[in-house]
Colleague: 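The structure's right below; bear with me while I get my questions together.
Since we're looking at a predicted model, the values are computed, not measured.
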Amino acid sequence: MSKGTIKKISGPLVIASGMRDANMSDMVRVSDKRLIGEIIEIHGDEASIQVYEETAGLMPGEPVESLGYPMSVELGPGLITSIYDGIQRPLDDILRVTGSNNLQRGVEVPSLKRDLVWEFVPVAKAGDELVGGDVLGTVQETVVVQQKIMVPPGMKGTLKEIRGGQFHVDDVVAVLETADGEKELTLLQRWPVRVGRPYAKKLSPNMPLVTGQRVLDMFFPIAKGGVAAIPGPFGSGKTVTQHQLAKWADADIVVYIGCGERGNEMTDVLNEFPELKDPRTGESLMQRTVLIANTSDMPVAAREASIYTGITIAEYFRDMGYSVALMADSTSRWAEALREMSGRLEEMPGEEGYPAYLGSRLAQFYERAGRVMTIGSEPREGFLSAIGAVSPPGGDISEPVSQATLRIVKVFWGLDANLAYQRHFPAINWLTSYSLYSPDMAPWFAEHVAEDWTETRQRMMTLLQDEAELDEIVKMVGMDALSPADRLKMEAARSIREDFLHQNSFHDIDTYTSLAKQYDMAKLVMYFYDEASKAVAQGAPLNALISMDVRERIGRFKYVPEGAVPGEYDAILEELHKEIAACMGKEA
């Protein structure tokens, strides 16, 4: 381990001399207070250290000690239900050790609790030839998550010994004979956060991550293993949307990263998630969730580490064959941390002061998502979906972080302040958002939901686009200038917006909509439009068609419980036919 002394202090950046034997990315302890940091630059015997704790009060000449290994996370039983800060320090243990609600500097607590005992059930047996990624055994971590204890990547050999029973995470449960000698294996392993965990093969994402949010699933779906961005101004609903995704997305594990967000938002998450009932299991949502709480009042440097901590934990569960959904809120705060550290390093700035490597760092993060075949003798299929919120100042997505993100991700959920002010939630603008996964997932929707799913989706989007064009005409010359066919088109588009796209996250039924019900809702709106169009062409009065009582039932169809959907759907169709037939008998 290399030892040196502090030469210069500049906020979270410390320059230390005498560090010639240290390596890039080594973890260090700074001063007698044992502050934790990471080497981010080396010139000769001088090392630039990014300190993840408050550096006030440090003085030149104080000791700096390299720990000899890169910044890593502990992976093993105890991750689920945990609440960490940006560098995987358990906040509950820090509270217990310090007795203070405020983070204390220099506190050293293990990331995984050493006092908990876990029941290890062996799967492999002595004499088995094992490689990295093979499963040694299982631990039932929570009532809904069974953790697979795997051979660490890059290791292979013959299993000499394995035993079941109750163990702490750092107890030896197996011995592997390798070419380099015997290796003792425990329930935990460490992995450097800036290095993606290996996989055998990356596959093309071709099935949706079902969220139960109609504007997302029907119009702009994200694939399992896909990446999405949610840019939007303050108050437009980025955090609410990510909360909905965490609650309802079709994922086995949720990793939620609060990266530089306000403390009250993370407090809401910490208070709500344990109380929320998981619709998949009936248990608390925390039983399959890991939280990284790195709020805006914590040291800015720790923001930069938090998303790497989160995605490394997510990769670990992906390697077990699980579908993992990662929420990062928000990558703009992470980029601000990059900008501050780059400025203190006196690097040449890029656009708006961000470092020139902003785009490549974002790409490195999002590229760690995907649908993969894992390493091991018997590969498993795992999914890691990454959804990042972006907080552009004033909602201007022309700024560097938004533009760099849009060049990487394949799904853009553009939040609109005007929609939010109109109380239209989710406030995702259907004219500017897009999903590049839709063509690849069309066969899946045709097979599992309905053959004309994609056609129905396209017709609805076309109606909304036509409405935007007609709205410009109405603003100039008034509604009376439109033909009956165009007025009906405007009315159908309004129904799509208000009856289909608007969704109440606080309503017990409307907060989640299955794909089958989404399809039925869409078909009812389009069926009204098609039948009414035929009636208008045959001379039926437009006002009578628009004011039919059945339209109220179509609008309230979203509140019909899933079990009652088929009966209500048929009843609405029958009423629709009767009322249109009645309208046909009226004079225009």
Colleague: Can you sort out the partners of Glu283 under side chain to side chain contact (heavy atoms under 4.5 Å, CB included), two or more places apart, ordered by chain and number?
Modeller: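 Applying side chain to side chain contact (heavy atoms under 4.5 Å, CB included) to Glu283 gives Val143, Val144, Thr281, Gln287.
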
Colleague: Validate the cation-pi geometry between Lys148 and Tyr322: distance from NZ or CZ to the six-membered ring centre under 6.0 Å, angle to the ring axis within 45°.
Modeller: yes

Colleague: Taking only residues two or more places apart in sequence or in another chain, which ones pass side chain to side chain contact (heavy atoms under 4.5 Å, CB included) with Pro393?
Modeller: Glu399

Colleague: With a 4.0 Å cut-off, would you call Lys33 and Glu54 a salt bridge?
Modeller: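 Salt bridge absent between Lys33 and Glu54.
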
Colleague: Evaluate side chain to side chain contact (heavy atoms under 4.5 Å, CB included) for Val109 paired with Arg96, printing each intermediate quantity in order.
Modeller: CA-CA 10 Å; Val109 290; Arg96 189 173 66 249; over 6 Å; no

Colleague: For Asp329, is there an ion pair with Lys238 - N to carboxylate O distance below 4.0 angstrom?
Modeller: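 Not counted as a salt bridge, because no side-chain N and carboxylate O are separated by less than 4.0 Å.
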
Colleague: Is the shortest distance from a Lys or Arg side-chain nitrogen in Arg34 or Glu53 to a carboxylate oxygen in the other one below 4.0 Å?
Modeller: no

Colleague: Check whether any side-chain heavy atom of Trp334 lies under 4.5 Å from a side-chain heavy atom of Leu362, and answer yes or no.
Modeller: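 Yes - at least one pair of side-chain heavy atoms lies under 4.5 Å apart.
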
Colleague: So which pairs with a foot in residues 384-422 pass ring-ring contact (aromatic ring centres under 6.0 Å, His included), sequence neighbours left out?
Modeller: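 Those involving residues 384-422 are Phe412-Tyr434.
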
Colleague: Can you check side chain to side chain contact (heavy atoms under 4.5 Å, CB included) on Val169 and Thr186, steps first, answer last?
Modeller: CA-CA 6 Å; Val169 290; Thr186 65; over 6 Å; no

Colleague: Check side chain to side chain contact (heavy atoms under 4.5 Å, CB included) between Thr511 and all other residues, then give those that pass, not counting sequence neighbours.
Modeller: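 By the side chain to side chain contact (heavy atoms under 4.5 Å, CB included) rule, Thr511 matches Gln244, Trp248, Ser505.
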
Colleague: So does Lys202 have more than 12 non-hydrogen atoms from other groups sitting under 6.0 Å from NZ?
Modeller: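 Yes, because the 6.0 Å sphere around NZ of Lys202 holds more than 12 heavy atoms from other groups.
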
Colleague: Does Arg371 make a cation-pi contact with Phe383, if we ask for NZ or CZ under 6.0 Å from the ring centre and within 45° of the axis?
Modeller: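 No, Arg371 does not lie over the aromatic ring of Phe383.
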
Colleague: Indicate yes or no: at least one non-hydrogen side-chain atom of Val290 is less than 4.5 angstrom from one of Ile80.
Modeller: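 A side-chain contact exists here, since the closest heavy-atom pair is under 4.5 Å.
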
Colleague: If we only count heavy atoms from C-beta on, is the Arg197 to Pro153 side-chain gap below 4.5 Å?
Modeller: yes

Colleague: Side-chain donor-acceptor pair under 3.5 Å between Thr178 and Asp180, yes or no?
Modeller: no

Colleague: Using side chain to side chain contact (heavy atoms under 4.5 Å, CB included) as the criterion, list what pairs up with Glu41, not counting sequence neighbours.
Modeller: His43, Ser48, Leu345, Glu347

Colleague: Apply side chain to side chain contact (heavy atoms under 4.5 Å, CB included) to the pair Phe317 and Leu326, showing each step before the final yes or no.
Modeller: CA-CA 11 Å; Phe317 287 105; Leu326 177 136; over 6 Å; no

Colleague: Tell me the salt bridge (Lys or Arg N to Asp or Glu O under 4.0 Å) pairs involving residues 11-29, sequence neighbours left out?
Modeller: Arg29-Glu108

Colleague: Under a 4.5 Å cut-off applied to non-hydrogen side-chain atoms, are Glu340 and Glu336 in contact?
Modeller: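 With C-beta onward as the side chain, the pair stays apart.
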
